Amino acid sequence: MQFMLLFSRQGKLRLQKWYVPLSDKERKKISRDLVQTILARKPKMCSFLEWRDLKIVYKRYASLYFCCAVEDQDNELITLEIIHRYVELLDKYFGSVCELDIIFNFEKAYFILDEFLLGGEAQETSKKNVLKAIEQADLLQEVHSVLLQFSAL
Amino acid sequence: MPAVSKGDGMRGLAVFISDIRNCKSKEAEIKRINKELANIRSKFKGDKALDGYSKKKYVCKLLFIFLLGHDIDFGHMEAVNLLSSNKYTEKQIGYLFISVLVNSNSELIRLINNAIKNDLSSRNPTFMCLALHCIANVGSREMAEAFASEIPRILVAGDTMDSVKQSAALCLLRLYKTSPDLVLMGEWTSRVVHLLNDQHMGVVTAAISLITCLSQKNPDEFKTCVSLAVSRLSRIVSSASTDLQDYTYYFVPAPWLSCKLLRLLQCYPPPEDGAVKGRLVECLETILNKAQEPPKSKKVQHSNAKNAILFEAISLIIHYDSEPNLLVRACNQLGQFLQHRETNLRYLALESMCTLASSEFSHEAVKTHIETVINALKTERDVSVRQRAADLLYAMCDRSNAKQIVAEMLSYLETADYSIREEMVLKVAILAEKYAVDYSWYVDTILNLIRIAGDYVSEEVWYRVIQIVINRDDVQGYAAKTVFEALQAPACHENMVKVGGYILGEFGNLIAGDPRSSPLVQFNLLHSKFHLCSVPTRALLLSAYIKFINLFPETKATIQEVLRCDSQIRNSDVELQQRAVEYLKLSSIASTDVLATVLEEMPPFPERESSILAKLKKKKGPGAVSVTELDDGKREAGELNGGGDRGPDTAAMAASNAVSTLSLLFICKTLIAVISHFHSYPFIPYLSCCLSASIPALFCGLSLHPCPVLWPPSSAPPSEDPAPPLSEADELLNKFVCKNNGVLFENQLLQIGIKSEYRQNLGRMYLFYGNKTSVQFASFTTTVSCPGELHKPVEPLVEGGAQIQQVLNIECITDFSDAPLLNIKFSRYGGALQNLTLKLPVTINKFFQPTEMSSSDFFQRWKQLSQPQQEAQKIFKANHSMDTEVLKAKLLGLGTALLDNIDPNPENYVCAGVIQTKSQQIGCLLRLEPNAQAQMYRLTLRCSKDTVSKRLCELLAQQF
């Protein structure tokens, strides 16, 4: 996978993850073009499209579009399910996720993504294992916060 | 405010985000951001040391601002401080900031790398994972330099935690992709392959991506992965849906891993081991069977995961291209999907079928779906699906259905989306040309194209129709008539005027007998369009007019009148003015003879690759066009090479002019030294629109220029041992004993032409590899091997329809019997690796210098060579014509001098020559005694070296 973008129906980027080195300018141009292209498509259209020399796989969940760019030999359907699994992970973690969760806890969205996909490839596809890793990290955080509160006393 | 805030929420951050969201305008947002930036800056610069929490909060705010699309140029140092913190939560944010806002400041990188190094050696798996994620996310060269040797160690160490292994595998993959030179293969490689056997499915899932990438680049080193992958796949495919617990996804066992395993197998040819292959075929059959079973769930995730595996399996089947049964089953399965209610499946089925269409085993099966595909082209609501349908029609087109497909595409063009019109036009034009049996159909089709979609008909398309009409005299009259009729339309496209001008200028005489299309009517028709046309078209029309003066002297006065008028002769456009002036002058002063010579009919165009095919490829990128070449008799030797010998000549010229070529040098110790040059170029004819009137004979000459193009670098050559020489290799070699030029080899895919020249002990051979398909050949490698020596020049891509050239410089060091071998490997989009070995037609006789001598000299030498082993003799039956002239030509082709008046029997042939090698000269005498009645020959050779007598005798016995 070359990159993943999350954006709203209004075209606002909510999360971007790039797995290939690109300059800031290129990233902005790609995001802009792609968001426009996808928003212009009608609901019943197919989830795949050829875009430049990449294959785009996208799906809309409520107000958010999830969009992945994969290479020619990559499998479109399994990419679609990568998106779904990521949505499931967010959903499970936040408890019925909504766009606001991702806006306010963007760092968590990134951490979950890093546990699931790394370097553009699936690292761990088990929902349990990914969430376990994230919860462990949260546990570490809470211990620290408790310690912080103690030190404040 | 957020619905949930897990972990330790940063209140300040949440407030800031709310503020931004509440901004009513872009200006308000920017104002708020600038205020925050100023605040953060002052905090960072302030004297008071910030605690970790505040630092983390501010760094997070910066990150948020950056993700909104604003530039951030500070905060890196604070992020690096966070990295080094012992608190996980701070470290995590530090890493996130660094991963998102990569900075190339070298001092900073040193600090980051230090922090990463500490975390990698911390033995705390959570810290190690964070560090690995950061390397994988940034993937810079500096990081590769620092960690490329460390990560493989972590990956294969026995005591590494599973989660760390997963991160390490993908981290290494990222580094390998950015800096392959820094990731050195070593002892760890074999252990990585064995991760395919790991108990932890997550480890296998992560490791396989790495293994696949490494296998693509170093197939030999990783080939043991094939059997491991097959057994892993087999276990997954045969497992019940609950066996794999959390790796089962909507009742489908390990879909991601299954897809990746099938993908990995596509890096290799079918397994050679029968048991492994059997097991794999079984897996593929099971996957195909499962597609027919009722779904275990109604959820789309279930069917997507299941079908993802199915499509990947079909890709593998197509890649192997060797199991007709599976190919046909795959095709039937895709056929079902063509009518599926899910748009996604219809799209993928159309896409996948395109590659199936190029397999000889499934081409016919694909063709049975033609009606469904045509229907898809007409009724699909999504343009991207229609595009796939058009691609598939193009791919499944052959002689049997060309008329139907072209007609459908033409009718679709009338309403086609603007975005795909140009490509459709090119495709129609290519199919029409490729499968034209009668060329009047071709002309009709192209003129229809111009009528329906004139704006999308690129230059190449109308150049091509003209090239073809010029080259085929059976269609010229028809073309003139049709284009004349088409021009009657009150509004016709400018491209039609161009074609009309050119064709009537050349062949208007063929329809001039009919009073309805008399010369003057033709001229008036053309001229009625003149004022509406652009300058280049008007320039072309002026040339057509001067041609008219030659063809029809009765139009001279009228045309001169036109040329003479101010709007021509004083036209502000210099090109038009020049043409008008010069044509007018030419028509007034030149005699009829001169005029007839200067304005003679255009000579046929040399044929190369169709210019429109080149255009389509350019448009779609390499490898994107797939056309089958099955039963395609049209692209025979002549067409591919541009009428026999002309091709190699031009090519040879281009090669000697080549500026930058990849040259590789190697020396064979034993027999022959070969120096190789590689040079490749596609041939793109172009029209020289700018006509210089001082040489009017050019008349809009289409000229053919070879354009040197450097191909993009590509993946490493496929590794597989060279195949043994073809069974017909000797036979092919024998064809070249008495000649130096010709087609050495040809099959459905590839044509190899040869042109060679020899002087003394040196030779130069030009090899021309022509790709007969329209699909790119990838990883194209050729290897010339003399017995005992190897060489590998690398020129990896041959575009569809294109030709590449290789030059071999040959030196004969000593005499030899075995011809060098030429091994060619390449892979074809969607096809198996091709691997074939031929004998290079370098035979000892190529180094002959003819020697003239008198009768007495001859017999004196003949006697000197009287030792029994110096003589070789063969009596054999004539295989070819015994005609004197044919025999003489062959003996001369052999390279010797053919001596007259030596043998007392005038029916016999006597030859003499010296073979030049670097180390010695070998004198050879030859006598050939035909017996016309018995249709037999007796061939006798005497050479100063016995091995040479023997070899020459063997070679020559095949020639007569």
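Computed from heavy atoms alone, side chains included, the values below leave out hydrogens, waters and symmetry copies. So you know, we letter chains A, B, ... as the sequences are listed, proteins then strands, and number each from 1. The structure presented is a predicted model; accordingly, all values stated were derived computationally and were not measured.
In terms of heavy-atom proximity, A:Phe104 sits nearest to B:Ala14 at CE2-O, 3.4 Å. Closest non-hydrogen pair, A:Ala122 versus B:Lys260, comes out as O-NZ, 3.5 Å. Of all heavy-atom pairs spanning A:Ile78 and B:Cys259, the tightest one is CD1-SG, 3.9 Å. Minimum heavy-atom separation, B:Gly69 to A:Lys28: O-NZ, 3.3 Å. Between B:Cys60 and A:Phe106, the shortest heavy-atom contact is O-CZ, 3.6 Å. Across B:Arg21 and A:Ile103, no two heavy atoms sit closer than the pair NH1-CD1, 3.2 Å.
Contact of A:Gln16 with chain B is made through the side chain alone, with heavy-atom distances under 4.5 Å. Contact of A:Lys42 with chain B is not made at all, since no heavy-atom distance falls under 4.5 Å. In this structure, chain A has a heavy atom under 4.5 Å from the side chain of B:Glu351, while its backbone stays farther away. Interface residue B:Leu173: only side-chain heavy atoms are found under 4.5 Å from chain A. With a threshold of 4.5 angstrom between heavy atoms, A:Leu15 does not approach chain B through any atom at all. Interface residue A:Glu88: only side-chain heavy atoms are found under 4.5 Å from chain B. For A:Glu124, the parts lying under 4.5 angstrom from a heavy atom of chain B are both the backbone and the side chain. Contact of A:Lys59 with chain B is made through the side chain alone, with heavy-atom distances under 4.5 Å. Proximity to chain A is limited to the side chain of B:Phe66, based on heavy atoms less than 4.5 angstrom apart. The contact between B:Thr205 and chain A is made by backbone and side chain atoms together, counting heavy-atom distances below 4.5 Å. With a 4.5 Å cut-off on non-hydrogen atoms, B:Asp71 touches chain A through its side chain but not through its backbone. Heavy atoms closer than 4.5 Å to chain A are found in the side chain of B:Tyr250, but not in its backbone. Neither the backbone nor the side chain of B:Phe16 comes within less than 4.5 Å of any heavy atom of chain A. A:Asp114 touches chain B through backbone and side chain together, each having a heavy atom under 4.5 Å away. With a 4.5 Å cut-off on non-hydrogen atoms, A:Asp74 does not touch chain B at all. Looking at B:Leu348, the atoms closer than 4.5 Å to chain A (heavy atoms on both sides) all sit in the side chain, from C-beta outward. Of the atoms belonging to A:Val97, not a single heavy atom falls under 4.5 Å from chain B. The part of A:Arg14 that comes within reach of chain B is its side chain, from C-beta onward, which places non-hydrogen atoms under 4.5 angstrom from that chain.
No donor-acceptor pair closer than 3.5 Å links the side chain of A:Glu81 to the backbone N or O of B:Ala305. Judged by distance alone, the side chain of A:Gln123 and the main-chain N or O of B:Ser167 form a donor-acceptor pair under 3.5 Å. A:Asn75 contributes no side-chain N or O that, together with a main-chain N or O of B:Ile309, makes up a donor-acceptor pair within less than 3.5 Å.
Note: B:Trp256 and A:Phe116 have perpendicular aromatic rings, judged against thresholds of 30 and 60 degrees for the angle between ring planes. Aromatic ring pairs are classed by plane angle as parallel below 30°, tilted from 30° to 60° and perpendicular above 60°; the pair B:Tyr249 and A:His84 is perpendicular.
Other residues, nucleotides and ligands contribute at most 12 non-hydrogen atoms within 6.0 Å of the CZ atom of A:Arg9. Heavy atoms from other residues, nucleotides or ligands lying under 6.0 Å from CZ of B:Arg141 number more than 12.
B:Leu67 has its side chain within reach of A:Tyr110: a pair of non-hydrogen atoms, C-beta onward, lies under 4.5 Å apart. No side-chain heavy atom of B:Arg174 sits under 4.5 Å from any side-chain heavy atom of A:Leu118. With contacts defined as side-chain heavy-atom distances shorter than 4.5 Å, the pair A:Phe111/B:Ile93 qualifies.
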Checking side-chain contact (heavy atoms from CB on, under 4.5 Å) for the pair A:Arg85/B:Gln301: CA distance, chi angles, key distance, verdict? CA-CA 10 Å; A:Arg85 171 106 306 173; B:Gln301 283 76 27; over 6 Å; no
Please determine whether side-chain contact (heavy atoms from CB on, under 4.5 Å) holds for the pair A:Lys128 and B:Tyr247, giving the CA-CA distance in whole Å, both sets of side-chain angles, and the decisive distance to 0.1 Å. CA-CA 9 Å; A:Lys128 266 189 210 144; B:Tyr247 289 93; over 6 Å; no
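Heavy-atom pairs under 4.5 Å with chain A were tallied for B:Tyr347, B:Tyr95, B:Phe311, B:Phe64; the largest tally goes to B:Tyr347. Highest contact tally toward chain A, considering only B:Thr343, B:Leu170, B:Leu13, B:Ile208, is held by B:Leu170 [criterion: heavy-atom pairs under 4.5 Å]. Across B:Ser209, B:Ala136, B:Gly139, the residue that shares the most heavy-atom pairs under 4.5 angstrom with chain A is B:Ser209.
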